[in-house]
Participant: 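Below you will find the structure I want to go over with you.
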Amino acid sequence: MSTPRPDAATLQLPSPSPGADTPARTRTAGTEPDPADARSVSTPNEPLDLLGIGIGPFNLSLAALAQPLTELRTAFYDQRHAFHWHPGLLIEEATLQVPFLADLVTLTDPTSPWSFLNYLKHRERLFPFYFAERFHIQRAEYDAYCRWVSKNLPDLHFRHQVDAVRWNADRAAFEVDYTRLGADGEAESLGRAYARNVALGIGSVPHVPEALKPLADAPAVPVLHSADYLAHRERLLAAEHITVIGGGQSGAEVFLDLLRARPAGREGLHWLARTGAFAPMEYSKLGLEHFTPDYTRYFHALPEPVRDELLPGQWQLHKGIDHDTLAAIHDELYRRTLHGGWPDATLTPGVTVRTAGRVGTTKVELHLEHPHQAARSRLTTDAVVLATGYRAPRTDTLLAALDPYMRRDAAVRPRIDTEQRLVLDPCVTGSVFVQNAEHHTHGVGTPDLGLAAWRGATILNTLTGRPVYPLPARTAFTTFGLRPSPPRSATRTPRPNATLIENP
């Protein structure tokens with residue numbers, strides 16, 4: 001699922017004094033860089049080596065791994081005022097679906113000062129964590145850890161909205177136009193940076209199905225995406241009947257939280273899922289090897305039509321529900337039957353929402369279809385939570401000037417090579433690396449936090465032209481396919497030779 005490096009300077013974080021929870025060197029999120037952070041400033045004559053667009057977990061991982069590499073000049077921009085990771089879903093007791101080792105750096109460099117364990121040390125919580133015996137940490141704790149890194153890591157510039165990226169052939173660098181934003185989110189000034197390479201890590205955006213978009217845009221009745229759940233939780237709990245749409249982990253967590261907060265016998269909940277069952281995540285140890293670099297290389301080497309055929313059938317590897325969450329839902333429902341009767345909660349899988357509309361000013365009517373029964377019905381509800389996932393954001397405007405240089409596949413999607421780079425016309429000598437936008441080329445591990453450090457190391461090895469982060473030759477017990485994966489870049493450790501006997 002989700003080695004010390006040679007020739008790299010190590011950042012020395014001081015031991016915390018009593019009560020200290022951060023390293024001595026801090027920088028307020030969103031402020032301009034300290035003059036000492038000169039490597040994050042670019043000029044036309046001295047471009048950055050790498051400019052990151054977006055500061056989510058993946059680009060934050062890349063920034064953390066790049067920080068000790070003094071030969072690289074880097075800067076990372078984000079339009080938000082500070083780092084936040086899915087704040088609307090930091091539900092109490094909700095945990096990550098990957099172990100704490102899938103932090104920003106550990107699976108590539110366990111000696112890094114930006115590891116989760118070093119965060120605990122500086123918060124003086126290492127012994128409590130040791131006795132807690134937690135392999136999967138709470139989501140809120142992961143968010144707090146990433147915020148700690150973002151507040152102390154140099155070269156991060158929040159309140160910087162990147163507007164356009166162009167290739168300047170005369171300067172052999174990308175021109176990146178951005179807008180500095182004030183505390184109120186309004187534009188304050190314009191700026192331009194130059195970089196030889198760009199790392200695109202702008203994350204994903206909440207997906208609202210077409211049938212429900214008109215309702216989500218109107219404020220009268222709460223129809224909202226689960227990404228905004230906690231901000232509207234009290235308003236939702238005041239509704240007489242609530243419908244949750246979506247059979248993945250977010251839908252399960254929202255349904256469980258609402259169920260626990262509603263009085264017995266008056267739950268007023270309906271949970272709908274398009275999948276044929278409220279299915280558990282595939283979490284067997286060999287199944288998890290689909291989230292290894294070995295599988296990623298195997299998947300990337302497959303023909304495009306084969307990759308497109310494989311992906312839909314692998315949904316349970318990353319879109320299923322955690323076993324403990326399913327068990328907690330069943331336990332809570334069962335507890336409410338102890339004194340007779342059934343809870344007022346309906347769970348219906350295998351259902352799609354065809355259309356939707358308002359009934360008066362306070363209710364929503366959902367038109368449902370069950371394709372296996374060839375049946376249709378209507379459901380009237382007072383509020384809707386859409387746990388309908390996320391999609392890659394459109395980059396048409398941001399990368400419009402690069403479009404003539406992009407190489408695309410048969411479905412007009414950008415082609416992405418094994419080193420995480422957009423395949424561009426050879427006249428563009430710089431690279432655009434992409435993070436969490438290569439599902440169609442790199443497979444189910446694309447959004448997995450456990451591959452963040454490996455992907456960041458791959459990018460940095462490619463940039464420097466040497467293995468500043470040595471990567472393992474093998475990461476899975478499973479051998480994917482009958483033919484070896486294509487040889488990896490010379491910037492990484494070569495795979496051992498293997499003899500393969502093929503059928504004639």
Side-chain angles (χ1 to χ4, degrees), residues 29-30 54-57 60 78-97 137-148 150-151 158-159 161 181-186 202-209 212-263 267-272 321 325 329 353 356 358 361-364 366 381-391 393 447:
I55 307 176
L60 186 60
D78 195 294
Q79 65 183 7
R80 298 173 300 174
H81 72 279
F83 181 94
H84 288 290
W85 186 70
H86 296 299
L89 283 171
L90 298 181
I91 300 170
E92 187 176 356
E93 297 185 6
T95 61
L96 286 184
Q97 292 176 287
I137 62 175
Q138 291 191 10
R139 214 180 264 151
E141 187 167 28
Y142 177 79
D143 176 66
Y145 153 66
C146 288
R147 285 189 284 111
W148 173 80
S150 71
K151 288 178 180 178
F158 290 95
R159 295 180 185 159
Q161 173 185 292
L181 306 177
D184 57 358
E186 296 298 320
I202 56 178
S204 53
V205 294
H207 171 66
V208 176
L212 291 154
K213 278 184 178 179
L215 301 180
D217 293 337
V221 180
V223 177
L224 56 101
H225 196 275
S226 58
D228 301 316
Y229 170 67
L230 285 183
H232 298 273
R233 183 175 183 271
E234 295 306 315
R235 184 185 179 196
L236 289 168
L237 288 174
E240 185 176 344
H241 186 275
I242 309 169
T243 299
V244 179
I245 300 176
Q249 183 66 20
S250 297
E253 289 176 352
V254 168
F255 179 79
L256 177 59
D257 186 63
L258 291 171
L259 178 62
R260 285 171 168 168
R262 307 283 275 190
E267 292 83 2
L269 295 174
H270 203 134
W271 185 17
L272 303 172
I321 304 171
T325 307
I329 290 172
V353 179
R358 296 201 179 276
T361 58
T362 61
K363 294 185 182 295
V364 169
L366 304 174
T381 187
D382 300 293
V384 178
V385 180
L386 301 170
T388 46
Y390 298 78
R391 299 289 188 274

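One-based numbering along the sequence shown. Scope of the values below: all heavy atoms of this structure, side chains included, with no hydrogens, waters or symmetry mates. Everything numeric in this text was worked out from a predicted model, so none of it was measured.
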Participant: Identify the heavy atoms of Ser150 and Phe158 that sit nearest to each other, and give their distance.
Facilitator: CB-CZ, 4.2 Å

Participant: Find the distance between CG (Leu181) and CD (Glu186) and round it off to the nearest 0.5 Å.
Facilitator: 8.5 Å

Participant: Just verifying a value: how many Å separate Arg260 CZ and Phe255 CZ, rounded to the nearest 0.5 Å?
Facilitator: 11.5 Å

Participant: Out of curiosity, His270 NE2 to Leu366 CG, how far, rounded to the nearest 0.5 Å?
Facilitator: 9.5 Å

Participant: Which value, rounded to the nearest 0.5 Å, describes the distance between His232 atom NE2 and Leu237 atom CG?
Facilitator: 13.0 Å

Participant: Mark yes or no for whether Trp85, through its side chain, and Arg139, through its backbone, hold a donor-acceptor pair below 3.5 Å.
Facilitator: no

Participant: Is it true that Thr388 and His207 share a donor-acceptor pair across their side chains at a distance under 3.5 Å?
Facilitator: no

Participant: Can you name the nearest heavy-atom pair linking Leu60 to Cys146, along with the distance?
Facilitator: CD2-O, 3.6 Å

Participant: Are Thr325 and Gln249 linked by a side-chain donor-acceptor pair shorter than 3.5 Å?
Facilitator: yes

Participant: Are Ile91 and Leu256 packed together at the side-chain level, in the sense that at least one heavy-atom pair is separated by less than 4.5 angstrom?
Facilitator: no

Participant: Quick check: do Leu236 and Val385 have side-chain heavy atoms less than 4.5 Å from each other?
Facilitator: yes

Participant: For a quick test of reading the model, state the closest non-hydrogen atom pair linking Gly56 to Phe83 and the distance between them.
Facilitator: C-CE1, 3.8 Å

Participant: Check whether the ring centres of His86 and Tyr142 lie less than 6.0 Å apart, and answer yes or no.
Facilitator: no

Participant: For residues Ala216 and Val208, report the shortest heavy-atom separation together with the two atoms involved.
Facilitator: CB-CG1, 4.2 Å

Participant: At what distance, to the nearest 0.5 angstrom, does CZ of Arg159 lie from CD of Gln79?
Facilitator: 12.5 Å

Participant: Give a yes or no answer on whether the side chain of Thr381 reaches the backbone of His241 with a donor-acceptor pair at less than 3.5 Å.
Facilitator: yes

Participant: May I ask you to test the Thr95-Glu141 pair for a side-chain heavy-atom distance under 4.5 Å?
Facilitator: no

Participant: At what distance, to the nearest 0.5 angstrom, does CG of Asp78 lie from CD of Gln161?
Facilitator: 10.0 Å

Participant: Where is the tightest heavy-atom contact between Asp382 and Ala239, given as atom of each residue plus distance?
Facilitator: CB-CB, 3.9 Å

Participant: Write down the atom of Ala252, the atom of Ile321, and the distance for their closest heavy-atom approach.
Facilitator: CB-CG2, 3.6 Å

Participant: Is there a donor-acceptor pair under 3.5 Å between the side chain of Arg80 and the backbone N or O of His84?
Facilitator: yes

